[in-house]
Number of protein chains: 2
Amino acid sequence: MPETSPRPLRADALRNRERLLEAAVQAFSRPGPEVTLDAIAREAGVGIGTLYRHFPTREALVEAAYRNELGKLCDAAPDLLDHLPPDRALRGWMSRFIDYLATKRGMADALRLVIASGANPYAQSRDRLLEALGRLLAAGVAAGTIRADVDAGDVLVNLSGISLAAGERAQADRLLDLLMDGLRHHRAG
Amino acid sequence: MPETSPRPLRADALRNRERLLEAAVQAFSRPGPEVTLDAIAREAGVGIGTLYRHFPTREALVEAAYRNELGKLCDAAPDLLDHLPPDRALRGWMSRFIDYLATKRGMADALRLVIASGANPYAQSRDRLLEALGRLLAAGVAAGTIRADVDAGDVLVNLSGISLAAGERAQADRLLDLLMDGLRHHRAG
DNA sequence: GATGGAAGCGGAGGATCCTCCGCTACGTTC
DNA sequence: GAACGTAGCGGAGGATCCTCCGCTTCCATC
């Protein structure tokens, strides 16, 4: 229940939150190597303490900053299913997901924690990802191409593992192919 | 060529290196949550600068500290092959590898970098891991149970990804099973 | 529109990481 | 065994992370 709101945020707090998010999105999209949280707070015109109150960890900030874009990625799943056979839709979506993580520097590390912990109250993106992936898998199962005994959460974790560990894009692709083979409905040869 | 030695280390430098390694092994095996490099240097009785000179990154220190144990793991591969069919030997070895990473707190993170970069001069453990894994895969290929078109490096990266991303041991096991299915020689059903 | 209490703010400060450079002492050469 | 060039040492210090707590500002209530 991440959405319990015992009290609506005070007006100034809400304003600061918005400013922080705006600054974070900007800072994260800049090509520069790393962003210090102090810099984001400064840019947003608030104290560092305020940043940490709203976003207790770097991951929380990253998750919130990318929630929109990540949502778009999830929305793409039904579209893919409309135009492709389920297994190819699944493969395509996973590829996009990896692409997405690769472009966002520092995102993968943050997302590891987001994805890993179901208990994380800041992980509402996780639910959306799970839903999108679950839909793709279910379509494959219905079509008889994908095994029925695989958990979407496991696949999601596997994806984040690939994005974390893979060095170059080509390697990630090979690992995705391997994963797809494992997911396929087949009998031993 | 990680083993080029333009000059044999000076006596005092060698002594310091040994002390650092000893302190690091001890510190890493203590149950405590995290170890500061400063503490290791202090315990070894050398300056922090000396630590960083010998081991420029935390990963380098971790890798060196665990090189022995990791070696034993690699040595176990031939034994497994003697007693089990190749695919089960492979599965067993991968399981042990994950176990090993799980017990060593902070090891997985360090090993990610060690495994990821083939160019890392401190990654001589990587070569041993590759050799052990390659042998297991080759045996499976020879027995006709494992596909011939999979690179050992890719599998190694996949393993480190699993250990990085998987939350609980049971999940890691499920992901290993999935990986095994991908590795098996089979025809689509 | 005054007021009290709590929500929220901000930044000083402790902890850690890592670099840099003046000093020390090793070992080589004669 | 003296002396000298340099490999190696140490730790101060700058950068970042994150916490903690005294001060400020909002807003519910009257």
Side-chain angles (χ1 to χ4, degrees), chain A residues 4-24 27-28 30 32-65 105-107 109-110 112-114 117 120-122, chain B residues 4-24 27-28 30 32-65 105-107 109-110 112-114 117 120-122:
Chain A
T4 46
S5 53
R7 209 166 273 262
L9 225 46
R10 224 171 68 178
D12 55 342
L14 200 64
R15 193 164 52 239
N16 281 333
R17 206 189 130 85
E18 292 305 322
R19 279 187 193 157
L20 277 168
L21 268 181
E22 215 169 302
F28 286 143
R30 258 194 288 280
E34 267 141 61
V35 197
T36 71
L37 298 185
D38 294 87
I40 291 179
R42 211 177 317 123
E43 196 145 331
V46 306
I48 184 65
T50 300
L51 185 151
Y52 275 96
R53 196 167 330 96
H54 285 291
F55 306 102
T57 65
R58 174 177 278 265
E59 294 78 51
L61 182 57
V62 170
E63 198 268 348
R105 210 51 239 125
M107 175 83 182
D109 270 329
R112 164 169 52 136
L113 301 186
V114 170
S117 81
N120 186 337
Y122 300 96
Chain B
T4 48
S5 52
R7 208 167 274 264
L9 224 46
R10 223 170 68 179
D12 55 342
L14 200 65
R15 193 166 50 240
N16 283 332
R17 206 188 131 86
E18 291 306 322
R19 280 189 192 154
L20 278 168
L21 269 181
E22 216 170 299
F28 286 144
R30 259 195 287 281
E34 266 141 63
V35 197
T36 72
L37 298 185
D38 294 88
I40 291 178
R42 210 177 317 120
E43 196 146 329
V46 307
I48 183 66
T50 300
L51 186 151
Y52 276 98
R53 197 167 328 98
H54 285 291
F55 306 101
T57 65
R58 173 177 276 265
E59 293 79 49
L61 182 57
V62 170
E63 198 268 348
R105 211 50 241 126
M107 175 82 182
D109 270 331
R112 166 169 51 138
L113 301 186
V114 171
S117 80
N120 187 337
Y122 301 96

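Letters go in sequence order (proteins before strands), and every chain restarts at 1.
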Spatial distance of atom CG (A/Leu21) from atom CZ (A/Phe28) [nearest 0.5 Å]: 9.5 Å
Give, for atom OG1 of A/Thr57 and atom CG of A/Leu61, the distance between the pair rounded to the nearest 0.5 Å. 8.5 Å
Specify the closest pair of heavy atoms between A/Phe55 and A/Ala64, including all atoms of both residues, with the distance to one decimal. CE2-CB, 3.8 Å
Here the pair of heavy atoms bringing B/Val35 nearest to B/Arg58 is O-NH2, 2.7 Å
Determine: side-chain N/O of B/His54 to OP1/OP2 of D/dC9, distance under 4.0 Å, yes or no. yes
At less than 4.0 Å, is any side-chain N or O atom of B/Thr50 found next to OP1 or OP2 of D/dG10? Yes or no. yes
From B/Leu20 atom CG to B/Arg53 atom CZ, the distance as rounded to the nearest 0.5 Å: 10.0 Å
Under the side-chain hydrogen bond (donor to acceptor under 3.5 Å, both in side chains) rule, what pairs show up with a residue in residues 11-20 of chain A, not counting sequence neighbours? A/Arg10-A/Asp12
Protein-nucleotide distance (B/Arg17, atom CZ; D/dA7, atom C1'), rounded to Å: 16 Å
What residues form a side-chain contact (heavy atoms from CB on, under 4.5 Å) with B/Ala41, not counting sequence neighbours? B/Val46, B/Ile48, B/Leu51
Name all residues meeting the salt bridge (charged side-chain N to carboxylate O under 4.0 Å, His left out) criterion together with B/Glu43; count only those two or more places apart in sequence or in a different chain, and write none if there are none. B/Arg30
Tell me the interatomic distance from A/Asn16, atom CG, to C/dG11, atom P, rounded to whole angstroms. 12 Å
Residues touching DNA chain C, which here means a heavy atom under 4.0 Å, drawn from residues 40-47 of chain A: A/Val46, A/Gly47
List the protein contact pattern of nucleotides 17-30 of chain C with one symbol per nucleotide (5' to 3'): B for base contact, S for sugar-phosphate-only contact, - for none; contact means a heavy-atom distance under 4.0 Å. BBB------SS---
